[in-house]
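Since the structure comes first, as structure tokens, the remarks are kept for the end.
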Amino acid sequence: MDGGAINAVSFNNNKGMATQDSTHYPREHGLGAEPHLRRGLALLAAVVAASLSGHLLVDDSAYGLYALLPTLVVIGMALLTRRTLEALLAGCLSGFLILSPTTAVQDMAVSGLEVMQNPTMGWIILVCGLLGSLIGLLQFARGTEAFSLSAGRYLRSRRSAMLGATGLGVLIFIDDYLNAMTVSAAMKRLFDSLGLSRSMLAYIVDSTAAPICLLIPFSTWAIYLAGLLESHQLAEAGQGFGYYLGLVPYLIYPWVALALVLLVASGIVPALGRMKAAEGGDETREHEEAGDDAERRTRRPPRLMNFVLPVVTLLLATWWFDIDALIGVGFALLVTLGLYIAQDIAPLGRLFDELLTGFQQMLLPLGIVFAAFMLQSVNQGLGLTETLVAWVEPVMRGSWLPGVTFLLLAALAFATGSFWGVYAIAFPIVIPIAQATDASLPLTLGAMISAGAFGSHACFFGDSTVLSARGCGISPIHHALTQLPYVLMSALISAAAYFLLA
């Protein structure tokens, strides 16, 4: 097991339950904590020194290479510590030190408050938290167990289970959050029984989240992009959705990512890199959700209806109310509570206890998303996007434009954890260049949209990746590293295709 896992667990053979490994984190104090203390202090000193030099050595209006420092700090610390939240906070601190060393802590606090006041962050907290509550109830009522048992009657091999998970991910196409949380909850127990790794499940879940939401355009992603197409006068008012449909064939990365996950699930493409080790049992898991603990589940027999009806309500209500996942999960919770009370599964008070416990399980993923929003604010203050665009703008011309656009925006999306934000920034920059240089506009737009899909798929602190990892019970950095060979393979094929087609 990796020493940096968020919550390592060991398995008690007598009870078959996950218990805290009390020896995994020995108590170390003072200088006796040698390598950990020294390494941590050295890394902190290097980050602070580099950040302060950035403030002292560059012009306030142009940070140049120093604009990359917070992102490099995040990636470096995440790889060293295998922890995501701390790495993001260190990157944010680094950026605020560059901007203003004397007020860095105050600025960081103000930025955090501004993020919390952002309606988007409020929506994410409610949707993710309530999805956690819904899944907690499904597990408590043994609904996920019933689904796993039913699916196990038909999906009896590793190959069929992986293909089944992929198919379920394709079916839940209306929102990447719903996709990530629902598929992982539904298939996790089945994967465990067949000896498949949670890492493989997380890769399948993540590969059928944002990519599928883009390819099947009745989704939150398609609605947002249709609005951008209209606001930039590429489509008439009310015609953005139709214009977007015409772009679907040019969304090369989502198509390649979907094809690759099907090849992996079919056994044609083998497990690679860290995924191979995870499939062999070398996998660190977080604590199992409290609602999935055998002692906390209801003693009533598992019934498939207790899973299917809440999930169907979730999907139908989300679709009915203009793809609003918040209203959808609210309706699903009401139906679930009513269904379970009618069966006398537990008193209302106990159901609310499980609901709150499920919400609590989402605090770490929400903390990561919160810190990622702060990092976006820091990168905006340092002008990271403008700096990278200025470096590559000389080659963003004509036939080079689609390929360069994909590579640049994919790097930006990965570095910032902002996907829809990258679209909002890139559209007014790239579209005029494409029109002025006679580049293929549909291909260039496809490259821009594909870059966001790559970012959502690859970024270890991106919301979809974090939720996929959380739903499967592994850490985001572990998930990102195990799926990295497949993500890079898809990205390289996509980049080559954009250069060749242009």
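Atoms considered below: every heavy atom in the structure, side chains included; atoms not considered: hydrogens, waters and symmetry mates.
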Could you tell me the separation between the [atom1] atom of [X] and the [atom2] atom of [Y], rounded to the nearest 0.5 Å?
{"X": "L364", "Y": "T84", "atom1": "CG", "atom2": "OG1", "answer": "8.0 Å"}
{"X": "I433", "Y": "L441", "atom1": "CD1", "atom2": "CG", "answer": "12.0 Å"}
{"X": "Q376", "Y": "L384", "atom1": "CD", "atom2": "CG", "answer": "11.0 Å"}
{"X": "S468", "Y": "Y203", "atom1": "OG", "atom2": "OH", "answer": "12.5 Å"}
{"X": "Y243", "Y": "L247", "atom1": "OH", "atom2": "CG", "answer": "5.5 Å"}
{"X": "F370", "Y": "C92", "atom1": "CZ", "atom2": "SG", "answer": "8.5 Å"}

Is it the case that the side chain of [X] and the backbone of [Y] share a donor-acceptor pair, with hydrogens and angles ignored and the cut-off at 3.5 Å?
{"X": "S133", "Y": "G129", "result": "yes"}
{"X": "Y244", "Y": "L214", "result": "yes"}
{"X": "Q483", "Y": "A202", "result": "no"}
{"X": "D322", "Y": "D324", "result": "no"}
{"X": "Y486", "Y": "L272", "result": "yes"}
{"X": "E283", "Y": "S197", "result": "no"}
{"X": "K188", "Y": "R198", "result": "no"}
{"X": "N179", "Y": "T208", "result": "yes"}
{"X": "Y423", "Y": "I449", "result": "yes"}
{"X": "S184", "Y": "M181", "result": "yes"}

*Name of the residue among V466, L467, L363 meeting side chain to side chain contact (heavy atoms under 4.5 Å, CB included) with C128*: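 With C128 as partner, V466, L467, L363 yield a single side chain to side chain contact (heavy atoms under 4.5 Å, CB included), made by L467.
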[X] and [Y]: which non-hydrogen atoms are nearest, and at how many Å?
{"X": "A186", "Y": "F307", "result": "CB-CZ, 3.5 Å"}
{"X": "L85", "Y": "G367", "result": "CD1-O, 3.4 Å"}
{"X": "D175", "Y": "C213", "result": "C-SG, 3.6 Å"}
{"X": "F460", "Y": "A480", "result": "CB-CB, 3.4 Å"}
{"X": "D176", "Y": "A210", "result": "CB-N, 3.9 Å"}
{"X": "S490", "Y": "V256", "result": "CA-CG1, 3.7 Å"}

### Query
Just by distance, with hydrogens left out, do D206 and S464 show a side-chain donor and acceptor under 3.5 Å apart?
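Side-chain D/A pair, D206 to S464: present.
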Checklist entry - Do the side-chain N and O atoms of T465 and H479 include a donor-acceptor pair separated by under 3.5 angstrom? => result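 No, no side-chain donor-acceptor pair sits under 3.5 Å.
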Do [X] and [Y] come within less than 4.5 Å of each other through their side chains, counting heavy atoms only?
{"X": "Y253", "Y": "V487", "result": "yes"}
{"X": "S94", "Y": "L69", "result": "yes"}
{"X": "T313", "Y": "T336", "result": "no"}
{"X": "L131", "Y": "L314", "result": "yes"}
{"X": "T385", "Y": "V422", "result": "no"}
{"X": "L337", "Y": "L137", "result": "yes"}
{"X": "S377", "Y": "S111", "result": "yes"}
{"X": "L93", "Y": "M108", "result": "yes"}

Above 12 or not: heavy atoms from other molecules or residues under 6.0 Å from [atom1] of [X]?
{"X": "W123", "atom1": "CH2", "result": "yes"}
{"X": "Q380", "atom1": "CD", "result": "no"}
{"X": "Y177", "atom1": "OH", "result": "yes"}
{"X": "E236", "atom1": "CD", "result": "no"}

**Residue list, ring-ring contact (aromatic ring centres under 6.0 Å, His included) with F406, at least two apart or on another chain** =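 Expected list: Y498.
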Carefully, step by step, assess L375 and T416 under the rule side chain to side chain contact (heavy atoms under 4.5 Å, CB included). CA-CA 7 Å; L375 182 66; T416 62; over 6 Å; no
Open item on the list: Go through it in stages, so that I can follow the logic: the residues are I425 and L409, the test is side chain to side chain contact (heavy atoms under 4.5 Å, CB included), and I'd like the CA-CA distance, side-chain angles, deciding distance and then a yes or no.
Closed with: CA-CA 10 Å; I425 293 170; L409 298 186; over 6 Å; no
**Report entry** Test side-chain hydrogen bond (donor to acceptor under 3.5 Å, both in side chains) applied to T103 - qualifying residues, sequence neighbours left out
**Finding:**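 Partners of T103 by the side-chain hydrogen bond (donor to acceptor under 3.5 Å, both in side chains) criterion, ordered by chain and then number, come out as S100, D107.
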Worksheet item: L225 and L228: side chain to side chain contact (heavy atoms under 4.5 Å, CB included), yes or no, with the steps?
Response: CA-CA 5 Å; L225 288 164; L228 281 182; 4.3 Å; yes
With under 30° as parallel and over 60° as perpendicular, where do the rings of [X] and [Y] fit, or are they tilted in between?
{"X": "W221", "Y": "W420", "answer": "perpendicular"}
{"X": "F427", "Y": "H232", "answer": "tilted"}
{"X": "F499", "Y": "W400", "answer": "perpendicular"}

**Request:** List the steps and the verdict of side chain to side chain contact (heavy atoms under 4.5 Å, CB included) for V311 and F147.
**Result:** CA-CA 11 Å; V311 171; F147 181 87; over 6 Å; no
